[in-house]
Amino acid sequence: TTDNGPEVPATAAECPGSIRCYAVGDAGPHRGRKRSIYEGGVHVPFIAWMPGTIPAGRISPGSFSSADWLPTVAAMAGVRLTPSDTSDMLGMDVSALLKAGGDGWQAC
């Protein structure tokens with residue numbers, strides 16, 4: 001992913017000269033913005049592609065953290081991580097979220 005959430009609008013005092021700065025972006029239905037722990041501050045789009053495994057043309061309501069990358073990709077690649085491999089890991093395998101095609105998913 002890239003930068004999380006839309007920026008908080010700047011005030012006139014924070015903008016140089018007489019130029020009024022405004023933030024771009026919209027958190028949509030989510031509360032919060034950049035640097036916020038609310039969903040609007042951490043919710044960013046993600047595109048996954050794995051023919052035959054991840055359903056095409058779907059939008060999932062689920063979310064996961066970048067800490068989940070290693071255990072998820074390992075599981076989807078068929079790599080078995082041992083407890084000693086994962087003892088210091090913060091993430092978890094969320095491959096079921098990517099592979100799911102039913103509950104809550106919407107067609108694009």
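Position 1 is the first residue of the sequence; numbering continues from there.
- L97 and M76 fall within a single hydrophobic cluster, where Ile, Leu, Val, Met, Phe, Trp and Tyr side chains are chained together by heavy-atom contacts under 4.5 Å.
- For S87, there are no side-chain hydrogen bond (donor to acceptor under 3.5 Å, both in side chains) partners two or more places apart in sequence or in a different chain.
- By the 4.5 Å heavy-atom criterion applied to side chains, M50 and K99 are not counted as neighbours.
- Closest approach of G91 and P71 over heavy atoms only: C-CG, 3.8 Å.
- T72 places a side-chain heavy atom less than 4.5 Å from the side chain of L98.
- Surrounding CE of M92 are at most 12 heavy atoms belonging to other residues, nucleotides or ligands under 6.0 Å away.
- For the residue pair D68 and S65, no side-chain donor N or O sits within less than 3.5 Å of a side-chain acceptor on the partner.
- Under the rule for a side-chain contact (heavy atoms from CB on, under 4.5 Å), the partners of V73 that lie at least two apart in sequence or sit in another chain are W69.
- With rounding to the nearest 0.5 Å, the separation of OG in S66 from CG in L70 is 11.5 Å.
- With hydrogens and angles disregarded, no donor-acceptor distance shorter than 3.5 Å links the side chain of T86 to the backbone of M89.
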